[in-house]
Amino acid sequence: MGLLRTHQIAEIPDEPGAEVRIAGFVETVKEVGRLVFVWVRDRTGVAQLTLKAGQVDESLIELAKSLNTHDVIAATGRVPEKRAARVGMELIPRSIEVLSRAERLPIDVTGTVQTQLDTRLDYRPIDLRSPRNQAIFRIQHSLVKGMVEYLDSKGFVQVFTPCIIGAPSESGAEMFEIDYFGRKAYLRQDPQLHRQLLMVAGFERIYDLGPSWRAEPSHTPRHLCEHRGCAVEFSYISDERDVMALEEELLVAGIKRVLEENSRDLELLGAEVEVPKRPFPEVRFPEVYRILSEMGKEIPYGEDLDRQAERMLADYVREKYGAEAFFINRFPFNVKPFYVMRVDEDPFWARSVDLIYRGLELSSGGQREHRYEKIVEQVRLKGMSLESVSWFTEFFRYGAPPHGGFNIGIERLTMALLKLENIREAVLFPRTPERFLP
RNA sequence: GCCUGGGUAGUAUAGCCAGGUUAGUAUACCGGCCUGUCGAGCCGGUGACCCGGGUUCAAAUCCCGGCCCAGGCGCCA
């Protein structure tokens, strides 16, 4: 592929005498006496060019000595009779072509001196050259691929729902306001409501892979202003347990793909990954209050969990079930948005489910209310004006199947899977309250 | 948004509390030595106290203001 090179570095044949042309970034130039070693890295690995006086032209040795770290070069050479380089493949070069010169790098991408995340993000395209960073995104790719393959196998259709919406009707989080031809519009904070409208439309099984935006000035290692989600919605469920079962299988499918395809990347990152055992444990409200109380944490009846409570529940589940992934079900309706389905027999509680993995909230979801009168009632209970959400609610007058879904945060999942210390490591170009460049 | 901590060469850090030598170290970079390096080694060199104001004989160090960063909480994916 491509005429500039004949081989990617990992594909160089282990045949003495074979001539190949490779290209990549210069990783290091080392002079040992009159010997010169040049390490070249492409996305597949490292090769060493070995320049020995008498074996290659003097002018080539001079050129090699003049190379800078991260110059981009192409080199033609042959595989030596006896390979001495431990770093990877070795070539005796016949020619070296400098494709692009590099100034001294502003950050260390080798890991010899750890650069702080914020500085690395200032120079993100260069930071991303490190094998470690590339491993993160290859793994993320496999995760998403595994999930998509699973959904496809179950007949789900990938759809694209709007990112610009005309009314700030979803729950809680602040939205980014934009100028829409002189009118106010908003960037979605979740594809939630449009997914539901596709259930009204009779699509039955869909997923939307796309961005969401939160205008919250969150200063934590697990929040972004822009993140991606794998948002799933499907119809004809009997209750929220069907949603949980699907979510379990989805997560397992993604993680299995990573284990199948990324063993070297996982090793490079020192990440320990296991496929979570199914079924995932479930803890329910109001028992959650009792569990926490026994652990010494009092949350008033009917109130939401805080971060500490979430972590304590994760500890509880790990100890009791040995599980890293679990569900929290039946949240109090008063802490959830208007569209969730309440439990008919005890409407204080909602069929609303969070998925926690390695102590981190990966998704919210559950069964949605599909009965028009109930939706209207819940809008009123939330103190919202029916008018503000009628663009959504009105369609439920014309028939809607029972349905549910969830939205798994891709960056959160990547972060938890690889035990990254900061979610910004799991995004190419993170958007946080302080940063929207590069 | 509230709270806490921080800002010293390209990068990462020591020094600050207890103000006073040429601001130390690692790495990067430049030059030199070395014919098998692979975190190469050895020798030499370049290079820094976030900005503004104040206290003081003297400020990287103490005080005030600003800007920037990180983390905790809240919100959540």
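So that the names make sense, note that chain A is the first sequence line, chain B the second, and so on, each numbered from 1.
A:Leu224 comes within contact range of at least one nucleobase, with a heavy-atom separation under 4.0 Å. The residue A:Arg424 sits close only to the backbone: its heavy atoms come under 4.0 Å of sugar-phosphate atoms, none of a base. Within 4.0 Å (heavy atoms only), A:Pro106 reaches sugar-phosphate atoms of the nucleic acid but no base atom. Looking at heavy-atom distances under 4.0 Å, A:Thr115 makes contact with sugar-phosphate atoms alone, never a base. Among the heavy atoms of the strands lying under 4.0 Å from A:Asn422 are primed sugar atoms or P, OP1, OP2 only; no base atom is included. A:Thr69 comes within contact range of the sugar-phosphate backbone alone, with a heavy-atom separation under 4.0 Å but no base atom that close.
Salt bridge A:Arg435/A:Asp118: present, at least one basic N to carboxylate O contact under 4.0 Å. At a threshold of 4.0 Å, the pair A:Asp57-A:Arg94 does not count as salt-bridged, since none of the basic side-chain nitrogens sits closer than that to a carboxylate oxygen. Remark: A:Glu361 does not engage A:Arg222 in a salt bridge, criterion side-chain N to carboxylate O under 4.0 Å. Taking the charged nitrogens against the carboxylate oxygens, A:Glu411 and A:Arg228 do have a contact shorter than 4.0 Å, which makes a salt bridge. For the pair A:Arg188 and A:Asp208, the salt-bridge criterion is met [side-chain N within less than 4.0 Å of a carboxylate O]. The residues A:Arg257 and A:Glu149 are annotated as salt-bridged, a charged nitrogen and a carboxylate oxygen being separated by less than 4.0 angstrom.
In a base pair of the Watson-Crick type (N1 to N3 plus N6-O4 or O6-N4) or a G-U wobble (N1-O2 and O6-N3), with each distance short of 3.5 Å, B:C38 is matched with no nucleotide. Both distances falling under 3.5 Å, in either a Watson-Crick or a G-U wobble arrangement, place B:C73 opposite B:G1. When both distances must be under 3.5 Å, the Watson-Crick or G-U wobble mate of B:G47 does not exist.
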Tell me, for nucleotides 38-46 of chain B in 5' to 3' order, what letter each nucleotide earns: B for a base near a protein heavy atom under 4.0 Å, S for only sugar-phosphate near one, - for neither? B-B------
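A:Trp349 and A:Tyr289 have tilted rings, their planes meeting at an angle from 30° to 60° on a 0 to 90° scale.
Comparing B:A60 with B:C51, their P atoms are spaced 11 Å from each other, to the whole Å. Comparing the C1' positions of B:C75 and B:C63 gives a spacing of 37 Å, expressed to the nearest Å.
Listed for the A:Asn133 side chain is a donor-acceptor partner under 3.5 Å among the backbone atoms of A:Asp127.
Under the 6.0 Å distance and 45° angle rule, A:Arg342 counts as a cation-pi partner of A:Phe333. A cation-pi arrangement is present between A:Lys336 and A:Phe331 under the rule of less than 6.0 angstrom and at most 45 degrees off the ring axis.
Taking only distance into account, the side chain of A:Ser218 never meets the base of B:C76 through a donor-acceptor pair shorter than 3.5 Å. Residue side chain A:Arg214 reaches the base of B:A77 through a donor-acceptor N/O pair under 3.5 Å, judged by distance alone. Within 3.5 Å, a donor on the side chain of A:Glu90 pairs with an acceptor on the base of B:G36, or the reverse. A donor-acceptor contact under 3.5 Å is formed by the side chain of A:Arg412 with the base of B:C76.
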Under 3.5 Å, which protein N or O atoms sit close to an N or O of nucleotides 49-51 of chain B? Give each pair with its distance.
none

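Under the 3.5 Å distance criterion, with hydrogens and angles disregarded, no donor-acceptor pair is assigned to the side chains of A:His70 and A:Glu103.
When ring centroids are compared, A:Phe326 and A:Phe280 stay outside the 6.0 Å threshold. A distance of 6.0 Å or more separates the ring centres of A:Phe176 and A:Tyr186.
The nearest heavy atom of RNA chain B to A:Arg83 and to A:Ile107 marks one nucleotide each, and the one closer to the 5' end goes with A:Ile107. Residues A:Asp304 and A:Arg311 each lie close to RNA chain B; by heavy-atom proximity, the contact nearer the 5' end of the strand is made by A:Arg311.
Here the nucleotide nearest the side chain of A:Leu35, chosen from B:U35, B:G74, B:C69, is B:U35. You'll find that the side chain of A:His219 is closest to B:G71, out of B:U11, B:C30, B:G71. Among the nucleotides B:A70, B:A77, B:C75, the one closest to the side chain of A:Ile423 is B:A77.
Across residues 123-150 of chain A, not one residue has a non-hydrogen atom less than 4.0 Å from an atom of RNA chain B.
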